[in-house]
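Shown next, in C-alpha cells, is the structure this report addresses.
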Amino acid sequence: MERTKIIDVLRSEATGSDVLVKGWVRSFRANRFIALNDGSTIKNIQAVVDFENFDEAILKKISTGAALAVTGTLIASQGSGQAVEIQVKEIEVLGEADPEELRKTVMQPKRHSLEFLREQAHLRFRTNTFGAVFRIRHAVAFAIHKFFNDRGFFYLHTPIITGSDAEGAGEMFRISTLDPINPPLTEDGEVDYKQDFFGKQVNLTVSGQLEAELGAMALGQVYTFGPTFRAENSNTSRHLAEFWMIEPEVAFNNLKDNMDLTEDFLKYIADYVLTNCEDDLQFLHDREVKEDSQKPTAERNELNLMDRLKFVVDNEFKRLTYTEAIEVLKRSKPYKKGKFKYDVEWGIDLQSEHERYLVEKEFKCPVILTDYPSEIKAFYMRQNDDGKTVAAMDVLFPGIGEIVGGSQREERLDMLRKKCGDFNVSEEELDWYLDTRRFGTAEHAGFGLGFERMVMFVTGMTNIRDVIPFPRTPQNAEF
RNA sequence: GCUUCUUUAGCUCAGUUGGUUAGAGCAUCUGACUGUUAAUCAGAGGGUCCCUGGUUCGAGCCCAGGAAGGAGCGCCA
C-alpha cells in the first residue's frame with residue numbers, strides 16, 4: 001500500500017477504507033492511543049490499538065519519538081478530540097527511541113523553555129512550536145517568490161563571496177585559503193593577499209544591493225533572496241551573524257513607488273500567511289495568548305497575533321518624514337518629561353526608544369519614515385533638492401523595529417562621485433557600479449527586507465534565533 | 001562591547017536568619033487501570049546546588065573573580 005500523508009488522511013472523507021501512514025510518535029496514551037505526526041501538518045492522527053489482541057513486543061517499542069508505519073482502517077472517531085482515527089491492523093516499528101535517552105531531549109512530552117529548545121536546535125523541529133514556525137517560514141519564502149514572480153520581477157543571484165566592502169554595512173567575515181599560521185607576507189610584512197585564492201582580499205556578502213542595481217538597470221525589475229553575513233558582535237534578540245535578506249531593485253521607480261511596493265509586499269506576505277497557514281498560525285496564536293495571560297497587563301500584546309497580521313493587511317502604513325518625526329517626538333510626553341535616554345535633535349540618528357515610541361505609542365501601526373539627513377545614511381541614497389536630506393525610507397514594525405530599509409538611489413554620476421568623496425568610498429573599487437550611471441542612467445529604487453524579522457512578525461516569536469533552523473550568533477555555531 | 005537579571009534532579013522551579021538527611025510538579029522506570037486527549041492511581045530511581053577561590057565551627061545561601069544564558073542598549077536587516 002502507498003503511504004498517505006497525515007494532512008491528506010485528516011482531510012479524507014473515505015472512512016471505511018484502509019490507509020498506511022508513517023510518522024513519529026508524539027504520545028502513547030492508555031496503551032491504546034498513538035498520536036502520530038509526520039510533519040505534513042501540525043495535527044496528529046490518532047491510531048487506536050486493540051492492545052488486548054496485539055503483539056506485546058511491538059507495543060513495548062512504541063514510545064514517544066519512535067518512527068512507525070501504521071496500517072489500518074480509517075474510521076470516524078469515537079472520542080471527541082478528532083474527527084477521524086485509524087483502527088490499527090498492523091504496526092511496523094521503523095526506528096525505536098529509547099525513553100531513558102529521550103527524556104534528556106526536547107522531545108519528552110512536556111512544555112519546554114525556548115532557551116532549552118535552542119540548545120537542541122537539531123531536535124526542536126519535532127516540537128509543535130518549531131514545526132509551525134518552520135512550515136510558516138517556508139510559506140513566507142514561497143509567498144515572496146510568488147509576489148515578485150506575479151509582478152514580472154526576475155530572481156537574481158548575487159554573489160556570496162564579494163571583493164568590495166563599499167557599502168560599509170558592517171563588519172565582514174574574511175574568506176581565505178591562506179595558511180593562518182604562516183601566511184605569505186609582502187615586503188612590508190603585511191599578509192600578501194595576492195597569493196590568496198582570488199588574488200585579493202574577499203569577504204562574505206553583507207548586501208547584494210549594488211549588484212542588484214546592475215541587474216535592475218537592464219532587466220528592469222529584479223530581486224535577490226539569499227544569505228547575508230555580518231560579523232558584528234550583536235547580542236540582541238533581532239540580530240544574526242548569518243541571515244537571509246530580500247532586496248528588490250526597480251528601474252524608473254522613485255521613493256513613492258518604492259514605498260508603495262514595500263507596503264503592498266508586506267501586506268501580501270501577511271495576507272498569504274493568514275490564508276495559507278491557518279492551523280500553524282492558530283497554534284502560535286493560542287500559544288501567545290496563553291503566555292500573555294500569565295504576564296502583567298503592561299507586558300501583554302495590545303493586539304493578539306492574528307489581529308496584528310490582519311491589522312497590517314487592513315491598514316495604511318503611516319508615512320512621515322524624518323523631520324516630521326523629530327517634531328512629533330519633541331511634542332511627545334516622554335520627551336517633555338525627560339523620559340528618553342537619548343536626546344532628540346534634528347540630525348541625530350533615531351534610537352530604538354524613539355522608533356518604538358512612534359510605532360507603539362503615537363501611531364500604533366507600521367510606520368514609514370523618509371527623507372533622513374544625508375550624513376546618517378549610506379552614500380548611494382539620492383540627495384534631495386533641499387541639499388540636507390536623502391530619499392531614504394525605513395519601515396518600522398511594532399516589537400521588531402526596522403524591518404525594511406530602502407531608498408531611491410543616486411542616479412546622477414557627478415553627485416554620486418561627490419558622495420563617494422564625502423563618505424570616503426573608493427571610486428576606483430566601485431568603477432563597475434559607477435558605470436551604470438555612465439551608460440543610460442535612470443532613476444531607480446529598492447529596499448532590503450530582513451527575512452527572519454518578517455518571519456518573527458508573522459509567527460509572533462520574539463527572538464530571531466527561534467525563526468531560523470540553525471542560528472549563527474556570536475560564540476554560537478552549533479550543529 | 002555596555003547595563004541588568006538568572007544559573008539547584010532530564011525539564012520547569014521552590015529552598016526561611018548561614019545549621020544536621022536539599023524539595024515539588026512534569027518526565028523516566030515498576031505495578032494497577034483501560035475510549036484516552038499534557039490519561040489516572042500507587043511506588044521507585046534520579047543532585048559536581050555553574051566553576052574557582054575566600055570568610056566561617058559550619059556555605060545552595062555571605063564575599064571576590066570567572067563562565068554560560070535571558071532581557072535591554074549600541075551596530076543594523
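These numbers come from a predicted model, not from an experiment. Letters A, B, ... are given to chains in the order of the sequence lines, protein chains preceding strands, and every chain is numbered from 1.
Side-chain contact check for A/Tyr433 and A/Glu213: at least one donor-acceptor pair (N or O, by modelled atom type) lies under 3.5 Å. Side-chain atoms of A/His145 and A/Tyr223 include a donor-acceptor pair closer than 3.5 Å. No side-chain N or O of A/Asn254 forms a donor-acceptor pair with one of A/Arg382 less than 3.5 Å apart.
Nearest-nucleotide positions on RNA chain B for A/Asn233 and A/Ile403 put A/Asn233 closer to the 5' end. Taking the nucleotide of RNA chain B with the nearest heavy atom to each of A/Leu240 and A/Lys104, the more 5' of the two is matched to A/Lys104.
Within the 4.0 angstrom heavy-atom criterion, base atoms lie near A/Phe33. Residue-level contact check: A/Glu119 touches neither bases nor backbone, having no heavy atom under 4.0 Å from any strand. Within the 4.0 angstrom heavy-atom criterion, only backbone atoms of the sugar-phosphate kind lie near A/Arg118; the bases stay farther away. Using a 4.0 Å heavy-atom distance criterion, A/His112 is classed as a sugar-phosphate-only contact. Among the protein residues, A/Tyr342 comes within range of the sugar-phosphate backbone only, with heavy atoms under 4.0 Å from sugar or phosphate atoms but none that close to a base. A/Val106 comes within contact range of no nucleotide atom at all, as no heavy-atom separation falls under 4.0 Å. Backbone-only contact: A/Gly448 has heavy atoms under 4.0 Å from sugar-phosphate atoms and none from a base. A/Glu85 comes within 4.0 angstrom of a nucleotide base, judged by non-hydrogen atoms across all strands. Within 4.0 Å (heavy atoms only), A/Phe51 reaches at least one base atom of the nucleic acid.
Between the CG atom in A/Asp280 and the CD1 atom in A/Ile42 there is a gap of 5.0 Å [rounded to 0.5 Å]. The CD1 atom of A/Ile326 sits 9.5 Å away from atom OH of A/Tyr335, with the distance rounded to the nearest 0.5 Å.
As rounded to the nearest Å, B/rG45 and B/rU30 have C1' atoms that lie 10 Å from one another. Rounded to the nearest Å, the gap between the C1' atom of B/rU3 and that of B/rU12 is 27 Å. When the P atom is compared between B/rG65 and B/rC75, the two are found 30 Å apart, to the nearest whole Å. Nucleotides B/rU8 and B/rC49 place their P atoms 11 Å apart, quoted to the nearest Å. Taking the P atom of each, B/rG31 and B/rG70 are spaced 42 Å apart, rounded to whole Å. The gap from the C1' atom of B/rA38 to that of B/rC26 amounts to 9 Å, rounded to the nearest Å. Comparing B/rG47 with B/rC63, their C1' atoms sit 25 Å apart, to the nearest whole Å. B/rG1 and B/rC11: their C1' atoms are spaced 33 Å apart (whole Å).
Atom CZ in A/Arg356 sits about 10 Å away from atom P in B/rG74, given to the nearest Å. Atom P of nucleotide B/rA67 and atom CD of A/Gln475 are separated by 10 Å, given to the nearest angstrom. If you measure from atom CD1 of A/Ile464 to atom C1' of B/rG70, you get 16 Å, rounded to the nearest angstrom. At whole-Å resolution of the value, CG in A/Leu117 and C1' in B/rG70 are 14 Å apart. Regarding A/Glu115, its CD atom lies at a distance of 12 Å from the C1' atom of B/rA68, rounded to whole Å. When the C1' atom of B/rA39 is taken as reference, atom NZ of A/Lys110 falls 17 Å away, rounded to whole Å. Put simply, NE2 on A/His354 is 12 Å from C1' on B/rC73, counting in whole angstrom units. Distance, A/Leu36 CG to B/rU37 P: 19 Å, rounded to whole Å.
Note on A/Gln82: every side-chain N or O is 4.0 Å or more away from OP1 and OP2 of B/rU37. Here A/Asn31 does not reach the OP1 or OP2 of B/rG35: none of its side-chain N or O atoms lies under 4.0 Å away. Remark: A/Ser113 is in phosphate contact with B/rU12, judged by side-chain N or O atoms under 4.0 Å from OP1 or OP2. Put simply, A/Ser237 has a side-chain N or O that comes within less than 4.0 Å of OP1 or OP2 on B/rG72. Note on A/Arg465: a side-chain N or O is less than 4.0 Å away from OP1 or OP2 of B/rG70. Side-chain nitrogen and oxygen atoms of A/Ser352 include at least one within less than 4.0 Å of the OP1 or OP2 phosphate oxygen of B/rG74.
The listed nucleotides are B/rC11, B/rA77, B/rG74; the one nearest the side chain of A/Phe116 is B/rC11. Among the nucleotides B/rG35, B/rA27, B/rG74, the one closest to any side-chain atom of A/Ser77 is B/rG35. With B/rG74, B/rG10, B/rA77 as the choices, the nucleotide that has an atom nearest any side-chain atom of A/Gln108 turns out to be B/rG10. Nearest to the side chain of A/Asp349, among B/rU28, B/rU34, B/rC76, sits B/rC76. Side-chain proximity of A/Glu402 to the nucleotides B/rA77, B/rC11, B/rU36 is greatest for B/rA77. For A/Asn235, taking side-chain heavy atoms from C-beta onward, the closest of the listed nucleotides B/rG35, B/rC75, B/rG1 is B/rG1.
The existence of a salt bridge linking A/Arg11 and A/Asp8 is confirmed by a sub-4.0 Å separation between a basic side-chain nitrogen and an acidic carboxylate oxygen. The pair A/Lys256-A/Asp260 counts as a salt bridge, with a side-chain nitrogen and a carboxylate oxygen less than 4.0 angstrom apart. A salt bridge is defined here as a Lys NZ or Arg NE, NH1 or NH2 lying under 4.0 Å from an Asp or Glu carboxylate O, and A/Glu410 with A/Lys419 fails to meet this definition.
One N or O donor and one acceptor, one from the side chain of A/Gln46 and one from the base of B/rU36, sit under 3.5 Å apart. Within 3.5 Å, no donor on the side chain of A/Asn463 pairs with an acceptor on the base of B/rG70, nor the reverse.
Taking 4.5 Å as the limit, some side-chain heavy atom of A/Leu255 sits within range of a side-chain heavy atom of A/Asp371. With contacts defined as side-chain heavy-atom distances shorter than 4.5 Å, the pair A/Phe153/A/Leu261 qualifies.
Using cut-offs of 30° and 60° on the angle between ring planes, the pair A/Phe340 and A/His354 is perpendicular. Between A/Phe317 and A/Phe397, the ring planes are perpendicular. Angles over 60° get that label, and only those under 30° would be called parallel.
Taking the ring axis of A/Phe130 as reference, the NZ or CZ atom of A/Arg126 does not stay both within 45° of it and closer than 6.0 Å to the ring centre.
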So what is the 5' to 3' dot-bracket string for RNA chain B, if pairs are Watson-Crick or G-U wobble with both distances under 3.5 Å, crossing pairs use [ ] and | means the partner sits on another strand?
(((((((..((((.....[...)))).(((((.......))))).....(((((..]....))))))))))))....
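Evaluated for a salt bridge (Lys or Arg N to Asp or Glu O under 4.0 Å) with A/Glu452, the options A/Arg465, A/Arg137, A/Arg238 yield exactly one hit, A/Arg137.
Looking only at distances, no side-chain donor or acceptor of A/Arg356 sits under 3.5 Å from a matching main-chain atom of A/Gly401. The closest donor-acceptor contact from the side chain of A/Arg453 to the backbone of A/Glu402 lies under 3.5 Å.
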Which letters describe nucleotides 40-46 of chain B, given B = protein heavy atom under 4.0 Å from base, S = only from sugar-phosphate, - = neither?
-----B-
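Of the residues in residues 124-143 of chain A, not one places a heavy atom less than 4.0 Å from an atom of RNA chain B.
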